[in-house]
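Numbered from 1 within each chain, the chains take letters A, B, ... in sequence-line order. What you see is a predicted model, and the numbers here were worked out from it, not measured in a lab.
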Amino acid sequence: MYDTKPVSPSQRVLQLLPLIPRGRVVSYGQLADLVGLPGRARLVGRILRVEDTGNLPWHRVVSAAGRISLPEGSDGWHEQRQRLLAEGVYIKGNRLDMRKYQWQPDLVAMLMLMDH
DNA sequence: TTTCTGACGCCGT
DNA sequence: GACGGCGCCAGAA
């Protein structure tokens with residue numbers, strides 16, 4: 001078989017984040033699915049909270065309903081909102097249109113998700 | 001060890 | 001849409 005070295009969920013998530021195009025978003029659940037953890041959206045949320053996201057585009061992760069999941073009005077909430085607006089993502093109040101902005105992973109991205 | 005707590009999602013009112 | 005309930009599961013208390 002091919003070398004299937006175990007990669008932690010955190011690693012997978014952190015590796016996937018940079019692949020999300022500017023101006024697009026993904027939901028926690030979608031991200032969980034993409035890294036092989038179906039049904040574990042909360043885990044993704046915890047990873048983003050705990051891990052050092054540094055200059056990664058963590059702001060492109062929103063709830064499946066298209067809402068910013070941080071406490072409304074908090075620093076993080078304002079920051080995520082501003083970053084998305086800066087990328088051209090129209091946010092009405094605390095919500096954006098997932099049908100319009102949700103990222104559909106392309107073939108290149110899918111290949112990058114697999115171990116090289 | 002047990003219980004509680006979430007950057008969540010899905011499904012049925 | 002909005003809400004409530006339940007499943008999920010790793011850390012913290």
Sugar-phosphate, base or nothing in reach of A:Arg49, heavy atoms under 4.0 Å: base

Sugar-phosphate, base or nothing in reach of A:Trp58, heavy atoms under 4.0 Å: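 Base, at least one base heavy atom under 4.0 Å.
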
CD1-CZ distance between A:Ile68 and A:Arg95, expressed to the nearest 0.5 angstrom: 12.0 Å

Please report, rounded to the nearest Å, how far the [atom2] atom of [N] is from the [atom1] atom of [X].
X: A:Gln30; N: B:dG9; atom1: CD; atom2: P; result: 10 Å
X: A:Asn94; N: C:dA2; atom1: CG; atom2: P; result: 11 Å
X: A:Asp75; N: B:dA7; atom1: CG; atom2: P; result: 15 Å
X: A:Leu14; N: B:dA7; atom1: CG; atom2: C1'; result: 14 Å
X: A:Met98; N: B:dC8; atom1: CE; atom2: C1'; result: 12 Å
X: A:Arg40; N: B:dA7; atom1: CZ; atom2: C1'; result: 17 Å
X: A:Leu48; N: B:dG6; atom1: CG; atom2: C1'; result: 13 Å
X: A:Ile47; N: C:dC9; atom1: CD1; atom2: C1'; result: 11 Å

Looking only at side-chain atoms of [X], point me to the closest of [options].
X: A:Arg95; options: B:dG9, C:dC9, C:dG1; result: C:dG1
X: A:Arg42; options: B:dC10, C:dG7, C:dC9; result: C:dG7
X: A:Leu70; options: C:dC8, B:dG9, B:dA7; result: B:dA7
X: A:Ser63; options: C:dA2, B:dG6, B:dG9; result: B:dG9

If you compare all heavy atoms of [X] against all heavy atoms of [Y], which two are closest, and at what distance to 0.1 Å?
X: A:Asn94; Y: A:Arg67; answer: O-CG, 3.1 Å
X: A:Leu19; Y: A:Trp103; answer: O-CZ2, 3.7 Å
X: A:Pro105; Y: A:Gln30; answer: CD-NE2, 3.9 Å
X: A:Pro57; Y: A:Leu17; answer: CG-O, 3.2 Å

Any A:Arg67 side-chain nitrogen or oxygen under 4.0 Å from OP1 or OP2 of C:dA2: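 For C:dA2, OP1/OP2 do have a side-chain N/O of A:Arg67 under 4.0 Å.
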
A:Arg46 vs B:dC8: side-chain N/O to OP1/OP2 distance below 4.0 Å: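 Checking A:Arg46 against B:dC8: no side-chain N or O falls below 4.0 Å of OP1 or OP2.
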
